[in-house]
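Quick note on labels: first sequence line is chain A, next is B, and so on, each numbered from 1. Excluded from the calculations below are hydrogen atoms, water molecules and symmetry mates; all remaining heavy atoms, backbone and side chain alike, are included. These numbers come from a predicted model, not from an experiment.
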Amino acid sequence: MNFQRKQFPFSEYEAVWQRRWVEEGAFRALNPGEPDFDATRQKFYILDMFPYPSGDGLHVGHVEGYTATDIVARAKRMQGFNVLHPMGWDAFGLPAEQYAIRTGRHPRETTNTNIAKFRSQLQSVGFSYDWTREISTTHPEYFRWTQWIFLRLYHSWFNPETRRAEPLTTYHGDDPDAVRLAYVAEVPVNWCPGLGTVLANEEVVDGKSEVGGFPVERRPLRQWMLRITAYADRLLEGLDALDWPEGVKLLQRNWIGRSEGASVRFSVVGQDAEIEVFTTRPDTLFGATYMVLAPEHPLVKKITTAGRRPEVEAYQQQAAARSDLERAELTKEKSGVFTGAHAINPVNGETIPIWIADYVLMGYGTGAIMAVPAHDERDFAFAQKFGLPIREVVAGDGAAGVDQAFVGNGRAVNSGFLDGLSTAEAQRAMITHLEATGAGRGMVTTKLRDWLFSRQRYWGEPFPIVWEGGRHRPLEETELPVVQPEMQDFQPTGTPEPPLSKALEWVRYSENARRETNTMPQWAGSCWYYLRFCDARCSSRFVGREAEHYWMGNRGVDLYVGGTEHAVLHLLYSRFWHKVLHDLGEVSSSEPFHKLVNQGMILGTDSHKMSKSRGNVVTPEHVITEFGADSLRLYEMFMGPLEQMKPWSMKGVEGVYRFLARVWRLAMRENAGGQWELSPALSNTPPTLPQQRVLHATIKKVTSDIEAMAFNTAISQLMICTNEFVNVEPRPLEALRVLLTLLSPMAPHICEELWSRLGAAHEGFPGHASTQPWPTFDPALLEVAEVELIVQVNGKLKDRIRAQRDADQEAVLDAAHASPKVREAIGTGQILKTIHVPNKLVNLVVRPTA
RNA sequence: GCCGGCGUGGCGGAAUUGGCAGACGCGCGCGACUCAAAAUCGCGUUCCCGCGAGGGAGUGUGGGUUCGAUCCCCUCCGCCGGCACCA
């Protein structure tokens, strides 16, 4: 293949069209208020998850989603929509900073170099982005508004009465810092010495940093937090109306992890202390035979008896030293120690022992549980190991086994006033009882934690905050953006003190005030970029009201395509910010992304994930040089369903390349001098009826397949259509008109080129292929007078018959019985039943004569 | 362990309100063109038996529902992803 001459001259025209598109602003989306803006057209906002511009550049896997959205964007334009299809850069992040640490090169430099490379790569694939809206999260004119949104969070609180974010002015309590959506807390964080930074829980995998794989340890530190937990219910409810993959919704639901139950207070015998527990099974309260506190629980120190103290403290130290990884590995084997203290069960006055154990987590619920070993597997395992009593309080269906916990629903037994009630009834009755006696109340918890929002890095958004006399104070909006100082030394300080703390002049804000030296996490910039795209150059607001209202409408981004790796975090954080901004009256829709599609991963030709170390990376440049951008685009889509994981194949690229060559030769031929000229077979004769049928069937299928994003079958249909006209003379120009229009969103360069060449010599090819109105099909042409039906005997195919479309059963059966093959299959058997599916089949159920 | 997704020719995949399994492409085989090759064009290509006509099997496994199952239900196996002591 390498030595062959090209089958069509893609290298001569692809770059030409790409340059024209950029220079002429061919795909510029107009905002309301701009000259030529057409308000009668519907809007369609189609967005890719914008990339982090890494030094490695894009490979063909990244291009898959972008190709899909580009096809939809191009098709929607032809279908008369105002299409917003932008691209930008999520360019803050660790790699640029680490590169700076190694080389001393400023992250801004490497970032700009990488952005230039990414942009040129994307342009070489011919994507129809509106480049006038290009943004980078690292640009001060962008991140001033990221900081502005942070200030809005800082100045707001979540009002539980209205279930909305409101300005702090509506808060009448005495401690605003306790309710702010952005607040400071001393929290145990994941400190990663290797990276010199604190990480979010989500960035820690198996006790190691997700980036770099360095060990991570827990230590308490003062951090900025965002109160996302206040929005747990809203984030959960909002999912219902979204057109997202159910799997992604489920991931988010599980991540939020809402569970309903009750909190119950147990008093500690002989001490002025109460332990509050959370349980989802208040109906089993009579079965609580001991309690467990997390080792880190603040009450442990207070209640532990003198005699037990050494053992308890030893256990606490051991638990603290254990990494999350080690804890996970030790799941099977329960451990714990007795504190020497006892608590009183508020429903029956029973005295039960209080233990500590690391199977109870400080971070969930109240960090303490009542243990009901008969009905909880973990409590059961623990009770067995330490010889604690097990008391059945829920009777299941079968015989009550003592060898394992029964966790299902049943009838309450040994439970006083609950006896005989079903689990659901008992739960309600118990909560009523607890609330009446003041011993507890109904309660909801979530797994979702508040969002740790500060990082000890240089290459991120600085906080618009200063510290004065130990207190934080927000900067005025007029002081934005807060730009990082120029620095030469990016080396981490080796302590949790961020690198910005080394820029002493910058840190010193005034005589008495010092700047916050943490920066925001990478998620910050990506939380709202889709809003900025609506009005990327607006200088008076984070997005102009009218532009936001038009493009975001009431359902937000119409189509959002990206990888599953963002199924939880990015999509949850964005939804959270969006809801806050919505509550504060800044954005129109209640959700940012109406429809979400996850593209599958593209594997290397060896069926492994593409990686530099494996050496199986295929770059777009490589494919474009050899087969052209259109072949690249087409193969990306022809491989299989967008959502699916699939391996790359260069032979497959050749297949679509040959198809494009056939399309080229439909219009062109090579003359004796080796020059391409218009094919003399082309003619203005109308297509024959069979040809028209193929053309209209193709219009129908390609239209619906693009709508369904089933690009592989759309391409397949275009191949069928093309094959229909290969070697046909005379070759109707109408066929090319339809074919090039339908193919244009997928392979825009070849279509544009052929369209202009045809237009130079023939009528009926005005303007550009990419600006033609989308063709419509004539249903009458697709209806046939005669259909073929299959005839089965006992469900087995025996023959095919022809019949008038919608012929009645009698006529069809007559024809079926006329078939010798069918007669033979029936033989002397008796026909018991006849099934006739109009236009499809006849099935005769026959009992053979025995 | 729990939750979710997926198992179809030599390969990527197509077909589901339950009705012709394998569209389209790759690969492979044969032929045309050519001095020859490449490219191109045509024909064939699920597997097994058969020279053939034809017959049989077949959508991960085993069962079920149905006139009829790749499609619906249950069992098991394999692969991928997520969560992982969440009370």
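Summarising the geometry, the separation between CG on Leu642(A) and P on rG13(B) is reported as 13 Å, rounded to the nearest angstrom. For the pair Asn843(A) CG and rC20(B) C1', the interatomic distance rounds to 13 Å; values are reported in whole Å. rG25(B) atom P lies 20 Å from atom CE of Met650(A), rounded to whole Å. Taking atom OH of residue Tyr364(A) and atom P of nucleotide rA84(B), one finds them 13 Å apart after rounding to whole Å. What separates CD of Gln252(A) from P of rC83(B) is a distance of 13 Å, to the nearest Å. Put simply, NZ on Lys651(A) is 20 Å from P on rC24(B), counting in whole angstrom units. At whole-Å resolution of the value, CG in Asn727(A) and P in rA39(B) are 17 Å apart. Rounded to a whole Å, the CD atom of Gln384(A) is 17 Å from the C1' atom of rC85(B).
Nucleotides rG18(B) and rC67(B) are separated by 12 Å at their C1' atoms, to the nearest Å. One P atom belongs to rC71(B), the other to rA15(B), and the distance between them is 16 Å to the nearest Å. Between rG7(B) and rU59(B), the distance separating the two P atoms is 14 Å to the nearest Å. Taking atom P on both nucleotides, rG4(B) is separated from rG55(B) by 45 Å, rounded to a whole Å. Comparing rA14(B) with rC76(B), their C1' atoms sit 28 Å apart, to the nearest whole Å. Comparing the P positions of rA69(B) and rC83(B) gives a spacing of 41 Å, expressed to the nearest Å. Here, rG60(B) and rG10(B) have their P atoms 13 Å apart, quoted to the whole Å. The same atom, C1', is picked in rG64(B) and in rA87(B); the two are 40 Å apart, to the nearest Å.
Applying the 90° criterion around 0 to the glycosidic angle, rG31(B) comes out anti.
Proximity of Lys646(A) to the phosphate of rG12(B): no side-chain N or O atom is located under 4.0 Å from OP1 or OP2. For the pair Asn723(A) and rC24(B), the criterion of a side-chain N or O lying under 4.0 Å from OP1 or OP2 is not met. When the side-chain nitrogen and oxygen atoms of Lys796(A) are compared with OP1 and OP2 of rG19(B), none of them lie within a distance under 4.0 Å. Residue Ser259(A) places at least one side-chain N or O closer than 4.0 Å to OP1 or OP2 of rA87(B). For rG13(B), one of the phosphate oxygens OP1 or OP2 lies less than 4.0 angstrom from a side-chain nitrogen or oxygen of Gln644(A).
Leu251(A) comes within 4.0 angstrom of the backbone, heavy atoms only, and of no base. Met370(A) comes within 4.0 angstrom of nothing in the nucleic acid, heavy atoms only. Across all strands shown, Leu797(A) has no heavy atoms under 4.0 Å from either base or sugar-phosphate atoms.
Of the candidate nucleotides rG4(B), rG13(B), rA87(B), rA87(B) has the atom nearest to the side chain of Thr280(A). Distance from the side chain of Gln7(A) is smallest for rU40(B) among the nucleotides rU40(B), rC3(B), rG19(B). Picking from rA87(B), rC24(B), rG42(B) the nucleotide with the shortest atom distance to the side chain of Thr279(A) gives rA87(B). Of the candidates rG12(B), rC41(B), rG27(B), rG27(B) carries the atom nearest the Arg658(A) side chain, counting heavy atoms from C-beta on. Nearest nucleotide to the Asn712(A) side chain, out of rA14(B), rC80(B), rA87(B): rA14(B). Checking rG25(B), rG19(B), rA14(B) against the side-chain heavy atoms of Arg662(A) singles out rG25(B) as nearest. Side-chain proximity of Pro641(A) to the nucleotides rA14(B), rG12(B), rC67(B) is greatest for rA14(B). For Trp255(A), whose side chain is taken as the heavy atoms from C-beta onward, the closest listed nucleotide among rA15(B), rC83(B), rG19(B) is rC83(B). Listed nucleotides: rC83(B), rC67(B), rC20(B). Nearest to the side chain of Lys833(A): rC67(B).
rU61(B) makes up no base pair with any nucleotide shown, lacking Watson-Crick or G-U wobble contacts both under 3.5 Å. For rC41(B), the paired nucleotide is rG31(B), the pair qualifying as Watson-Crick or G-U wobble because both relevant distances are below 3.5 Å. In this structure, rC51(B) forms no base pair with any nucleotide, since neither Watson-Crick nor G-U wobble geometry is met with both distances under 3.5 Å. Nucleotide rC24(B) forms a pair with rG12(B), judged by Watson-Crick or G-U wobble geometry with both contacts under 3.5 Å. Summarising the base pairing, rG4(B) is matched to rC80(B) through a Watson-Crick or G-U wobble pair whose two defining distances lie under 3.5 Å.
Within the cation-pi definition used here (under 6.0 Å to the ring centroid, within 45° of the axis), Lys334(A) qualifies as a partner of Tyr359(A).
Put simply, the side chain of Lys833(A) never gets that close to the backbone of Asn843(A): no donor and acceptor are under 3.5 Å apart. In this structure, the side chain of Tyr657(A) does not engage the main chain of Gly652(A) through any donor-acceptor pair within 3.5 Å. Side-chain atoms of Thr564(A) do not come within 3.5 Å of backbone N or O of Ala567(A) as any donor-acceptor pair.
Side-chain atoms of Ser263(A) and Glu276(A) include a donor-acceptor pair closer than 3.5 Å. Side-chain polar atoms of Asp283(A) and Gln427(A) form a donor-acceptor pair below 3.5 angstrom.
Where Phe278(A) and Tyr635(A) each meet RNA chain B at their nearest nucleotide, the meeting point lying more 5' is that of Tyr635(A). Closest-nucleotide positions on RNA chain B for Ile835(A) and Val568(A) were compared, and the one nearer the 5' end corresponds to Ile835(A).
Between the CZ atom in Phe10(A) and the CD atom in Glu626(A) there is a gap of 8.0 Å [rounded to 0.5 Å].
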- Chi angles and distances behind the side chain to side chain donor-acceptor pair (under 3.5 Å) call for Thr713(A), Asp705(A): CA-CA 7 Å; Thr713(A) 47; Asp705(A) 279 357; 2.8 Å; yes
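Residue-to-nucleotide contacts include a donor-acceptor pair under 3.5 Å from the side chain of Lys334(A) to the base of rC85(B). Residue Gln792(A) places a side-chain atom within donor-acceptor reach of the base of rG19(B), judged by atom type and a 3.5 Å distance cut-off alone.
The aromatic rings of Phe382(A) and Tyr290(A) lie parallel to each other, their planes meeting at an angle below 30°, with 60° marking the opposite boundary.
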